[in-house]
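What you are looking at is a predicted structure, and each value in this text was computed from that prediction instead of being measured. Scope of the values below: all heavy atoms of this structure, side chains included, with no hydrogens, waters or symmetry mates.
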Amino acid sequence: MNSSTMCWGRWAPERFGAVLVAGASGARDGNGGGVAGLAALVEVDGAAHLEQIAVRPDLGRRGIGGALLEASCTRARAAGFGALTLTTFRDLEWNAPWYARRGFSELPREAWGPELAAQWRTEEEAGILVAPRIAMRRLLDRH
């Protein structure tokens with residue numbers, strides 16, 4: 001990702017949280033750069049949780065998402081977490097299969113903590129079709 005940079009932000013000092021931003025130089029947006037993508041991390045059930053990852057569609061398939069994911073794992077590990085969790089769609093190629101290729105595996109419902117279960121219920125009550133979604137976890141190596 002030689003055309004992008006990453007920076008970290010933090011909020012809610014009593015709990016872990018970070019937003020990682022990939023900047024794009026020379027992007028096609030007319031301003032010579034801008035935001036290429038972002039990853040938002042929060043703490044859920046004592047683990048780092050990837051709340052959102054997004055890459056601008058016109059900058060897709062350039063490794064930005066993968067770099068944001070790896071930077072998220074690095075940030076979570078540096079904060080002392082042993083795992084990164086997320087929820088995603090099971091069958092979409094750029095969702096669960098993409099994460100599986102990057103070391104994530106399905107987290108069975110019986111392994112969910114109360115905060116992840118509550119998040120799932122909130123998504124369901126908001127009308128998000130949760131049935132084709134799964135929770136996933138990647139264990140983080142401790143260096």
Side-chain angles (χ1 to χ4, degrees), residues 1-107 109 111-113 115-143:
M1 241 178 47
N2 55 12
S3 67
S4 299
T5 58
M6 304 253 179
C7 61
W8 309 352
R10 186 171 169 112
W11 67 92
E14 69 279 1
R15 294 199 60 172
F16 171 76
V19 175
L20 287 68
V21 178
S25 61
R28 291 179 252 165
D29 60 6
N31 69 10
V35 173
L38 65 87
L41 300 167
V42 295
E43 183 178 340
V44 174
D45 295 319
H49 182 81
L50 182 62
E51 182 70 26
Q52 175 74 25
I53 191 168
V55 174
R56 281 182 23 190
D58 65 315
L59 297 175
R61 304 199 56 83
R62 297 183 189 189
I64 296 169
L68 281 165
L69 182 60
E70 291 309 313
S72 296
C73 290
T74 298
R75 177 68 180 103
R77 187 181 309 109
F81 293 100
L84 180 67
T85 62
L86 58 87
T87 59
T88 192
F89 287 98
R90 174 186 308 278
D91 300 319
L92 294 177
E93 179 59 30
W94 58 88
N95 284 171
W98 186 83
Y99 288 111
R101 289 190 301 273
R102 286 155 180 83
F104 285 81
S105 58
E106 185 169 353
L107 184 62
R109 188 174 286 264
W112 295 7
E115 292 176 339
L116 182 56
Q119 177 182 329
W120 190 269
R121 284 190 304 275
T122 299
E123 290 176 3
E124 193 171 38
E125 291 165 2
I128 297 172
L129 189 60
V130 294
R133 293 177 62 82
I134 61 171
M136 300 183 84
R137 176 179 62 193
R138 176 173 157 179
L139 297 178
L140 303 173
D141 296 332
R142 303 249 171 135
H143 293 109

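- The shortest side-chain heavy-atom distance between R90 and E106 falls under the 4.5 Å cut-off.
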Working for side-chain hydrogen bond (donor to acceptor under 3.5 Å, both in side chains), residues Q119 and E123:
CA-CA 6 Å; Q119 177 182 329; E123 290 176 3; 3.2 Å; yes
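- Looking at R102, its side chain never comes within 3.5 Å of a backbone N or O of G66 through a donor-acceptor pair.
- With values rounded to the nearest 0.5 angstrom, F81 atom CZ is found 9.0 Å from R75 atom CZ.
- Residues L69 and F104 are in side-chain contact: their nearest non-hydrogen atoms beyond the backbone lie under 4.5 Å apart.
- Separation of atoms CZ (R133) and CG (L92) is listed at 10.0 Å; rounding is to 0.5 Å.
- The minimum heavy-atom distance linking L59 with V55 is given by the pair O-CG1, 4.0 Å.
- Across all non-hydrogen atoms, the minimal contact from E115 to G46 is OE1-N, 4.5 Å.
- Ring geometry, W112 versus W120: the interplanar angle falls from 30° to 60°, so the pair is classed tilted.
- Within a 6.0 Å sphere centred on CZ of R61, other residues, nucleotides and ligands contribute 12 heavy atoms or fewer.
- Here the CD1 atom belonging to I53 is positioned 9.0 Å from the CG atom belonging to L86, to the nearest 0.5 angstrom.
- The minimum heavy-atom distance linking A76 with F16 is given by the pair CA-CZ, 4.3 Å.
- When all heavy atoms of L139 and A83 are compared, the pair lying nearest together is CD2-CB, 4.1 Å.
- For the residue pair A22 and I64, the shortest heavy atom distance occurs at CB-CG2, 3.9 Å.
- Here the closest non-hydrogen pair linking L20 and S72 is CD2-N, 3.7 Å.
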Kindly determine whether L84 and L41 satisfy side-chain contact (heavy atoms from CB on, under 4.5 Å), including the steps that lead there.
CA-CA 9 Å; L84 180 67; L41 300 167; 3.9 Å; yes
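- Between T87 and L116 there is a side-chain heavy-atom pair separated by less than 4.5 Å.
- With contacts defined as side-chain heavy-atom distances shorter than 4.5 Å, the pair Y99/L50 qualifies.
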